[in-house]
Every structure is written in structure tokens, then in C-alpha cells.
Chemist: 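Structure incoming, see below.
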Amino acid sequence: MIIDCHGHYTTAPRQHEGWRGEQIEAHKVGKPPPPRPRITDDEIRESIANGQLKVQRERGTDLTIFSPRAAGMGHHLGDAGTSEAWASACNELIHRVCSLFPKNFIGVAMLPQCARVSPRNCLAEIDRCVNEYGFVGVNLNPDPSGGYWQDPPMSDRYWYPVYEKMVEYDIPAMIHVSASCNPTHHTTGAHYLNGDTAGFNQLMNSSVFKDFPTIKFIIPHGGGAVPYHWGRYRGLAQDAKLGLLSELMLKNVFFDTCVYHLPGQELLAKVIPVNNILFASEMIGAVRGIDPETGHHYDDTKRYIDQLPLSTQDKAKIFEGNSRRVYGRLSATIEKQFATAV
Ligand SMILES: [Zn+2]
């Protein structure tokens, strides 16, 4: 089985994000939001069948670990109340996709985070998504202020309520920022990669893994700048007397393969141990074009992994085994969802 651990519902029916716009406008003028729009099963089916499912089939992947559109989380908009309603609507939609396509999609939750509001406010939504929807992970935004970094670093006990829940349920978090409202930081060109890199670095300078020895984080987009600068981080860890970087980080931190060219994948596979690499493409996402150098989509990352000089066993770990290990509830959820498929 080929499991893509990083996909977002970027093709949701238009009225979904339309409602979000109305909700934020209503909040600005102190009015209650309009009622949520009606979205039919057929509309969801169509948005997936002509979108992510089609691409899965074309590229020969089987299952996507699926979450709401990341740039759409917008934790810097509105307040904790609007975030709660929006996260709830987005997660419900993911649950409906997983119910309609139980063999192709398994859910991951976005959280109702809000800049400078304790992430304790996310716990009820995590409970709901795990217990009612069978979700297997969460996306955790290290910068809910959208490019202004107004919350404490991930090393801070501020985040511990979420870490406790992750350990309790054996669910990993993908460290994933949302849209940038800071014009100096382009959302997918700078802010995403900065978020990945900063998240890794914050965790490195922390006692999170001493306090939560079994916690697991996935750094998306190939780990931001981290694999390329592994030598820098090794040196920083050494200077700060933190010990060996690999021992410090690699029991708890994993990297996905959303890197959109072969040389980048080669570097990732050379620097990061195979056991810490999870296949992902983030389709249909930030980069949708075709690479004129290869004639294939930039985000068709399976092609790059296929070309790596790794054994079949190692590739099977990247494509399937590591995801089953890192997402502790994944194998049981696959069985459960597959049993409901017609
Ligand atoms: Zn993403």
C-alpha cells in the first residue's frame, strides 16, 4: 500500500470557504455568523472524484492522510470562537470525505487555534475528532498569528496540554503553519518552510522529548531547511551540549517527502535515516504545475522516491511502514474504514 501522509481538502465545494468569508465579515461588525451552508454528498463526491482521487489513481498511490486546507485554517482571523466554529466545520467535511471514500482517505484534524489564546482550547476538538471521527493525527500551527510569531515557542509549557492529548491518543502532530498575513513572508514560498524549520529548532532546544518520550512530530515539506542544514543543527546541538542530534531528535521527529525535485529527495534520503522518512506529496496543493525539465508534475513525489537508490524494503518503509508506525492509530483505522467500504 502506498500511503501519502500529507494531503489537504483544497477542492472543497465553494460554499464552504464562502461561509468562512461571511463568518469573518460578520465577526468584524459584531454580528452572529450566517447558518452553515448545505453541502450534499454528491458535491463532495464530485470534488474528490475529479480531484484527489483522480490524482491518486493516475500516480498509483492508495491512501491519503487528509486534512482541511492548511492555508485556509487562518488562525489569525477572528477570535477563538470563530476558530472553533471553523475548525468544527472543516473537520466535519473531512469526516464526510473519509466516510464516502473509506479506502482512500483517513482524517487528520485542524485545530481551533487562535493567536495568543492557550492551545488548551483545542482539546475538546481533538477528543471529538479522534473519538467520533476516527482521525489519526492533528495539524499543529506553531504560529497562529500568521507570520508574526506572537505565541511562545513549541518548547514552552504553553503547548503541553496539546502534547498530553497527543500522547494520550497516540496521535502525531504535523507542524503546519497556515496562511501568512505578513507581507514579507509569502505563504507557501517562505512562511511554510520557515514554520517547518523553526518548529524543528524550537523542539531541539527543549525538554519536550524528555517530558513526552513517546510523542511524535512530522515536519512537512521535506523538513523545511533542516535536512539541508543538518550539519548546522548537529553543530548547534554540540555547542549547546545537547548531545548527538540524531539521538536528541530522531525518536520523535519525522520528515515527509514533499520536496519537488529529485536532487532534494536524494539529499533527504542521504541525510535522514530511512526510518524517519514518510511518503507525502501534499497534492493537490501549493505547486500544481508541470516541471518542463521532467514533463511531470512537480508534486508527483512518488516518481522521485521510485528513482532513489534504496532497497525495496527501505522504499516500503517510506511508502507505508513508517506511516503505520508514526500514526499509532492508522492500522486499526484502515481496517475499520476498509470494512465499511461497499
Ligand atoms: Zn500541507
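Residue indices begin at 1 and follow the sequence shown. As the structure lists them, so they are numbered: ligands from 1, and atoms in each ligand from 1.
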Chemist: Would you say the ring centers of Y304 and F279 fall short of 6.0 Å from each other?
Modeler: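 Not close enough - the centres of the two rings lie 6.0 Å or further apart.
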
Chemist: Under 2.8 Å from the Zn ion (ligand 1), protein N/O/S atom count?
Modeler: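 That number is 4, waters not included.
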
Chemist: Going by distance alone, is a donor N or O of one side chain under 3.5 Å from an acceptor N or O of the other, for S88 and E125?
Modeler: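 No.
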
Chemist: With ILVMFWY side chains joined below 4.5 Å, transitively, what does L193's cluster contain besides itself?
Modeler: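 For L193, no cluster forms, as it stays isolated from other hydrophobic side chains.
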
Chemist: With sequence neighbours excluded, give me every salt bridge (Lys or Arg N to Asp or Glu O under 4.0 Å) pair touching residues 63-92.
Modeler: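 Passing the test, one end in residues 63-92: E17-R69, R36-E92.
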
Chemist: With sequence neighbours excluded, what pairs up with S47 under the side-chain hydrogen bond (donor to acceptor under 3.5 Å, both in side chains) test?
Modeler: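 Per chain and number, S47 pairs via side-chain hydrogen bond (donor to acceptor under 3.5 Å, both in side chains) with Y9.
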
Chemist: Taking the ring centre of each residue, are F200 and Y233 less than 6.0 Å apart?
Modeler: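 Yes: the rings meet the under 6.0 Å criterion.
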
